[in-house]
Protein chains: 2
Amino acid sequence: METNDPARLDDMLCFAVYSTGLAFNRLYKRLLDQLGLTYPQYIAILALAQKDGQSVSELGDQLFLESNTLTPLIKRLEAAGLVSRRRDSADERVVRVDLTERGRALLADLQCVPEEVAKAAGITLDQLHAMQDGLAALRTNLRAGE
Amino acid sequence: METNDPARLDDMLCFAVYSTGLAFNRLYKRLLDQLGLTYPQYIAILALAQKDGQSVSELGDQLFLESNTLTPLIKRLEAAGLVSRRRDSADERVVRVDLTERGRALLADLQCVPEEVAKAAGITLDQLHAMQDGLAALRTNLRAGE
DNA sequence: CCAATATAAATCGCACACGATTTAATCGCA
DNA sequence: TGCGATTAAATCGTGTGCGATTTATATTGG
């Protein structure tokens, strides 16, 4: 034999994660488009619903994104009237983000999204939790080398 | 109680998939940058290594992408001298993509990538296969509604 | 045979992601 | 106190993804 065969896509975990992410993205696009949100904007809104007034960095820690991605995203949410931005008076370097009244009102419209997604996913709760745990562990390992 | 609380990110399978995808992407960026490839370009090369002369559509079926994404990607690979494009003589609508000599030579350099990734992932083969199967099933369900 | 339809790529606009750099504010410590 | 190092956002350039449209070619039904 000359060299090893290159890996088949079906055998690659990275590709399973990648392509499932694409599939999720397309489903969410259908669900969120009418509300004028993208998927990353949606999870940013959810993170702010959990804890308002987070800094860009704190949001980034939750979403695994940095300011180069988050700043424009947040500005688009601000332009849509869903969040407001303010400098932290104690440290003027820090920008804090709050949900506006309009942003908070949107949360009601978002309530039906998770059940739509669960319906489309069509897996048992046990499978779901097992995969969540496995992916979280995997994510931690992958990020360890950064 | 007024309304249901919005979902927490940690409880959302979509977010586990999304954020693990980001982590994979960053790892691959480190591994592939020196070879001048992006992750989607890498999987396109692997797909062509499996079967040369595929049409844009056939590649799209494998990668779960469409011509709007693949055409520019393939053109960049062509500009890098890794693939060549030709019209199918039997059906001039179809563009077929082949690995060039240079593209085939690159496969040797790519051999070490999977083991680097496996090292970083740090999970057992059983876990890996379980997650692959779970994700593939999930992807199929999510795509059923399209 | 040929106009209506269908199909394959390509094109366009927008919103991520991210490496690299820049700007502004704060910190550390001599 | 002051100035070099650090930190937080923002900015910039490149490459995806994808909905919508366009262009070119092929098919098909009358």
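Below, chains carry the letters A, B, ... as their sequence lines are ordered, and counting in each starts from 1.
Comparing atom distances between the A:V94 side chain and each of D:dA8, C:dA15, C:dA17 picks out D:dA8 as nearest. The side chain of A:N68 has D:dC12 as its nearest neighbour among C:dA15, D:dT25, D:dC12. The side chain of A:P40 lies closest to C:dA17 when the candidates are D:dT7, C:dA10, C:dA17.
Residues A:E101 and A:R104 are not paired through a salt bridge, judged by the lack of any N-O separation under 4.0 Å between the basic side chain and the carboxylate. Taking 4.0 Å as the cut-off between side-chain N and carboxylate O, B:K75 and B:E78 do not count as a salt-bridged pair.
Distance CG (A:D33) to C1' (D:dC18): 10 Å, rounded to an integer number of Å. Atom-to-atom, CD1 of B:I74 to C1' of D:dT16 comes out at 13 Å; the value is rounded to the nearest Å. In this structure, CD1 of B:I45 is placed 11 Å from P of D:dT16, rounded to the nearest angstrom. Distance, A:Y28 OH to C:dC16 C1': 17 Å, rounded to whole Å. Per the geometry, NZ belonging to A:K29 stands 10 Å off P belonging to D:dA20, to the nearest Å. Following rounding to the nearest Å, B:R93 (CZ) and C:dA6 (P) show an atom-to-atom distance of 13 Å. Taking atom CG of A:L70 as the reference point, atom P of C:dA15 lies 16 Å away to the nearest angstrom. B:R76 has its CZ atom 13 Å from the C1' atom of D:dG13, to the nearest Å.
Among the protein residues, A:L22 comes within range of the sugar-phosphate backbone only, with heavy atoms under 4.0 Å from sugar or phosphate atoms but none that close to a base.
Donor-acceptor pairing under 3.5 Å is lacking for the side chains of A:Q62 and A:Q50.
When each of A:T71 and A:Y18 is assigned the nucleotide of DNA chain D bearing its nearest heavy atom, the one mapping closer to the 5' terminus is A:T71. Positionally, the nearest nucleotide of DNA chain C for A:L73 lies more toward the 5' end than for the other of A:E92 and A:L73. For the pair B:P72 and A:S89, nearest-nucleotide mapping onto DNA chain C gives the more 5' position to B:P72. The nearest heavy atom of DNA chain D to B:D88 and to A:S55 marks one nucleotide each, and the one closer to the 5' end goes with A:S55.
Pairing partner, D:dA5: C:dT26, with both Watson-Crick or wobble hydrogen-bond distances short of 3.5 Å.
Here A:R96 does not reach the OP1 or OP2 of D:dA8: none of its side-chain N or O atoms lies under 4.0 Å away. Between B:T38 and D:dT16 there is a side-chain N or O to OP1 or OP2 distance below 4.0 Å. Remark: A:Q41 is not in phosphate contact with C:dA15, judged by side-chain N or O atoms under 4.0 Å from OP1 or OP2. Contact annotation: B:R85 reaches the phosphate of C:dA10 (side-chain N/O to OP1 or OP2, under 4.0 Å). Neither OP1 nor OP2 of D:dA9 sits under 4.0 Å from any side-chain N or O of A:R86. The side chain of B:K75 places an N or O atom within less than 4.0 Å of a non-bridging phosphate oxygen (OP1 or OP2) of C:dT11. Listed pair B:R30 / C:dG19 fails the phosphate criterion, with no side-chain N or O lying under 4.0 Å from OP1 or OP2. Distances shorter than 4.0 Å separate some side-chain N or O of A:R26 from OP1 or OP2 on D:dC18.
Residue B:E66 places its CD atom among 12 or fewer non-hydrogen atoms of other residues, nucleotides or ligands, all under 6.0 Å distant.
In the hydrophobic clustering of this structure, B:L110 groups with B:L82; members are Ile, Leu, Val, Met, Phe, Trp, Tyr whose side-chain heavy atoms approach within less than 4.5 Å, directly or through other members.
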TODO: Give the intermediate values and the outcome of side chain to side chain contact (heavy atoms under 4.5 Å, CB included) for residues B:I123 and A:L13.
DONE: CA-CA 11 Å; B:I123 59 175; A:L13 179 55; 3.8 Å; yes
